[in-house]
Amino acid sequence: MKYNNRSKAVLLLKDGTIFHGKSIGIEGVTFGEVAFNTGTTGYQEIFTDPSYFGQIMVTTNAHIGNYGVNDKEVESDSVKISGLVCKNFSFNYSRVDASESLFDYLSKQNLIVISDVDTRALVSYIRDNGAMNAVICTDGTPIEELKERLAQVPDMNGLELASKVSTTEPYFFGDESAKYKISALDLGIKTNILRNLAKRDCYIKVFPYNASYEDLKSFSPDGYFLSNGPGDPEPLECAQEVAKQILIENKPLFGICLGHQIIGLANGISTYKMFNGHRGINHPVKNMITGKGEITSQNHGFAIVREELDKHPDFELTHEHLNDGTVAGMRMKSKNCFSVQYHPEASPGPHDSSYLFDQFIENIKTSIN
């Protein structure tokens, strides 16, 4: 094993707090909102998830990179996080299916990484003080200069980011001869969502984030899907209008994460930026309809205002996050529409909630018949 003499690096938080570590050898400076994920596996899927765009990811698992990367385990065409903070970065890896090391993978995309950080202390600090902007520096830029540049980085609250990760042109996914057709609005869609729909006999046409209702309807779909994605949902007025028009047509509508928030906003239910958000693969959720518990994969920093949902005459809470009582799922009483705040496609994570895709298909079958 070759010893690497690595240079010093720093993580500077917006409030002036500094955490020290080492560079893995990719030099530079990167900015974003610092967030942590408690998953013990699935780092490649996390790094390529468009919902993490604009965020510096802190991984709480002690070892990152130990099983390398695999070309099939991506959720988009590139790394979407702004930077990575970890405890131990593994340059060596061991897995039969691995195609290359994580270092080589990240080097190709010039992702700035700081390792050897006391991530337990960092996560504890974020829990107490909330998510905030930060900068990773691995090239020796003076702290005062970093502070000046960090002060210019916009806050995530009010920030529209779906346009940064959405497709620019419509594209198709799945078998053209499939039984059902789905129009999907890409606000930052994960590939495994498309896989889950395709394996349920769906042919999907994926539209850009700013597509109109008429665009989506032109595919003559049997159902509509609003995807996950990064940033604040409030600035996405076009997507909210699309949701309103779909609800007037009343064909089956399913929303995940950001799509879930868009449905709420389209019906006058507010969203808010959470103190920390939910990011991990072991979040407990209760299905309020069946009474069963689910262990879920989650990744969001905004949420539906529960008090407004509870008062809305046409909505009911279907899923509750058991850690803090926040809205994890909802459905409309007079429309063929439901949504969840978490990720039933997992990737990474448990498959407890994959039945939600089946529920969507059942809604489509009922609508057709």
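Computed from a prediction, not measured in an experiment: that's the story for all the values here.
Residues His283 and Ile295 form no side-chain contact, since every pair of their non-hydrogen atoms from C-beta on lies 4.5 Å or further apart. Inter-residue side-chain proximity for Val327 and Leu317 is flagged as met; some heavy-atom pair is nearer than 4.5 Å. Looking at Met330 and Ile263, their side chains come closer than 4.5 Å, going by heavy atoms from C-beta outward. Contact annotation: the side chain of Thr48 never approaches that of Ser78 to less than 4.5 Å [non-hydrogen atoms, C-beta and beyond]. Annotation: side chain of Met156 is in contact with side chain of Gln55 (closest heavy-atom distance under 4.5 Å). Here the side chains of His278 and Asn299 are not in contact, with every heavy-atom distance at 4.5 Å or above. Residues Val10 and Leu146 have side chains in contact (heavy-atom distance under 4.5 Å, counting atoms from C-beta outward). Contact annotation: the side chain of Ser23 never approaches that of Lys8 to less than 4.5 Å [non-hydrogen atoms, C-beta and beyond].
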**Request:** Under the salt bridge (charged side-chain N to carboxylate O under 4.0 Å, His left out) rule, what do Arg6 and Asp116 come out as? Steps first, then yes or no, please.
**Result:** CA-CA 11 Å; Arg6 298 187 285 132; Asp116 295 79; 2.8 Å; yes
**Request:** Dump the intermediate steps for side chain to side chain donor-acceptor pair (under 3.5 Å) on Ser270 and Glu308, then the final yes or no.
**Result:** CA-CA 7 Å; Ser270 305; Glu308 294 184 19; 3.0 Å; yes
**Message:** Apply salt bridge (charged side-chain N to carboxylate O under 4.0 Å, His left out) to residues Glu214 and Lys217 and explain how you reach the verdict.
**Reply:** CA-CA 5 Å; Glu214 288 72 22; Lys217 188 179 180 181; over 6 Å; no
**Request:** Assess whether salt bridge (charged side-chain N to carboxylate O under 4.0 Å, His left out) is satisfied between Glu75 and Lys80, documenting all intermediate values.
**Result:** CA-CA 10 Å; Glu75 291 300 324; Lys80 292 298 189 291; over 6 Å; no
**Pair Ile81-Phe53, side-chain contact (heavy atoms from CB on, under 4.5 Å): steps then yes or no** = CA-CA 5 Å; Ile81 60 173; Phe53 185 88; over 6 Å; no
**Request:** Mind running salt bridge (charged side-chain N to carboxylate O under 4.0 Å, His left out) on Glu362 and Lys365 for me, showing each step along the way?
**Result:** CA-CA 5 Å; Glu362 286 302 316; Lys365 290 179 181 178; 3.5 Å; yes
**Prompt:** Met332 and Leu247: side-chain contact (heavy atoms from CB on, under 4.5 Å), yes or no, with the steps?
**Reply:** CA-CA 10 Å; Met332 298 188 72; Leu247 291 173; 3.7 Å; yes
**Request:** Mind running ring pair (Phe, Tyr, Trp, His ring centres under 6.0 Å) on Tyr43 and Tyr67 for me, showing each step along the way?
**Result:** CA-CA 10 Å; Tyr43 54 73; Tyr67 57 82; 4.3 Å; yes
**Item:** Step-by-step side-chain contact (heavy atoms from CB on, under 4.5 Å) determination, Asn61 to Thr41
**Value:** CA-CA 8 Å; Asn61 190 29; Thr41 187; over 6 Å; no
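Lys108 has no carboxylate O lying under 4.0 Å from a charged side-chain N of Asp104, or vice versa, which leaves the two without a salt bridge. Ion pairing between a basic and an acidic side chain is recognised when a charged N comes within 4.0 Å of a carboxylate O; Arg195 and Glu345 show no such pairing. Residues Arg200 and Asp358 are paired through a salt bridge, judged by an N-O separation under 4.0 Å between the basic side chain and the carboxylate.
Side-chain N or O atoms of Ser297 include none that pairs as donor or acceptor with a backbone N or O of Gly349 at under 3.5 Å. Distance alone, capped at 3.5 Å, places no donor-acceptor pair between the Glu294 side chain and the Asp352 backbone. Without hydrogens or angle criteria, Lys190 side chain to Ser347 main chain gives a donor-acceptor distance under 3.5 Å. Side chain of Thr318 to main chain of Gly329: a donor-acceptor pair is present (N/O by atom type, distance under 3.5 Å, no hydrogens or angles). Remark: the backbone N or O of Ala162 is not paired with any side-chain donor or acceptor of Ser166 at under 3.5 angstrom. A distance-only check finds no donor-acceptor pair linking the side chain of Lys205 to the backbone of Leu216 [under 3.5 Å]. In this structure a side-chain-to-backbone donor-acceptor pair under 3.5 Å is present from Ser227 to Leu187. Remark: side-chain polar atoms of Glu160 are paired, donor with acceptor, to backbone N or O of Ser163 under 3.5 angstrom. Although no hydrogens or angles enter the test, the distance criterion places no donor-acceptor pair under 3.5 Å between the side chain of Ser76 and the main chain of Asp49. Remark: the backbone N or O of Ile246 is not paired with any side-chain donor or acceptor of Asn250 at under 3.5 angstrom.
Linking ILVMFWY side-chain heavy atoms closer than 4.5 Å, directly or via other members, places Ile368 and Leu197 in a single hydrophobic cluster. Cluster annotation: Ile112 and Leu12 are assigned to distinct hydrophobic clusters (Ile/Leu/Val/Met/Phe/Trp/Tyr, side-chain heavy-atom contacts under 4.5 Å, transitive). At a threshold of 4.5 Å between side-chain heavy atoms, the hydrophobic network of Ile, Leu, Val, Met, Phe, Trp and Tyr places Met132 and Leu84 in one connected group.
Within a 6.0 Å sphere centred on NZ of Lys335, heavy atoms belonging to other residues, nucleotides or ligands number more than 12. For Lys333, the NZ atom counts as densely surrounded, since its 6.0 Å shell holds more than 12 non-hydrogen atoms of other residues, nucleotides or ligands. The neighbour count for Arg120 CZ, taken as heavy atoms of other residues, nucleotides or ligands under 6.0 Å away, does not exceed 12. By the 6.0 Å contact criterion, CZ on Arg95 is enclosed, its count of non-hydrogen atoms from other residues, nucleotides or ligands being greater than 12. Heavy-atom neighbours of Lys164 NZ from other residues, nucleotides or ligands within 6.0 Å: at or below the threshold of 12. Applying the 6.0 Å contact sphere to CD of Glu237 captures no more than 12 heavy atoms from other residues, nucleotides or ligands.
Looking at Asn228 and Ser51, their side chains do bring a donor and an acceptor atom within 3.5 Å of each other. Side-chain atoms of Glu148 and Gln152 form no donor-acceptor pair, as typed in the model, at a separation below 3.5 Å. For Asp15 and Tyr125, the side-chain atoms include at least one donor-acceptor pair closer than 3.5 Å. Side-chain atoms of Asn92 and Ser90 include no donor-acceptor pair closer than 3.5 Å. With 3.5 Å as the limit, one finds a donor-acceptor pair spanning the side chains of Ser334 and Asp314. For Asp139 and Thr141, the side-chain atoms include at least one donor-acceptor pair closer than 3.5 Å. Counting only N and O atoms by type, the side chains of Glu234 and Gln240 include no donor and acceptor under 3.5 Å apart. At a cut-off of 3.5 Å, with distance as the only test, no side-chain donor of Glu100 or Tyr93 sits close to an acceptor on the other residue.
For the residue pair Phe19 and Val117, the shortest heavy atom distance occurs at CB-CG1, 4.2 Å. The two residues Asn336 and Ser367 make their nearest non-hydrogen contact at ND2-CB, 4.1 Å. Closest approach of Cys86 to Ile64, counting heavy atoms only: CB-CG1, 3.9 Å. Here the shortest heavy-atom pairing between Ala134 and Leu13 reads CB-CD2, 3.7 Å. Nearest heavy atom pair, residue Ala98 against residue Gly68, reads CB-CA, 4.4 Å.
Within the 6.0 Å centre-distance limit, the rings of Phe89 and Phe91 are counted as a close aromatic pair.
Among residues at least two apart or in separate chains, ring pair (Phe, Tyr, Trp, His ring centres under 6.0 Å) pairs with a member in residues 228-254 are Phe225-Phe254, Phe254-Phe338, Phe254-Phe357, Phe254-Phe360. The list of ring pair (Phe, Tyr, Trp, His ring centres under 6.0 Å) pairs with a residue in residues 148-202, not counting sequence neighbours, reads Phe172-Tyr203, Phe172-Phe219.
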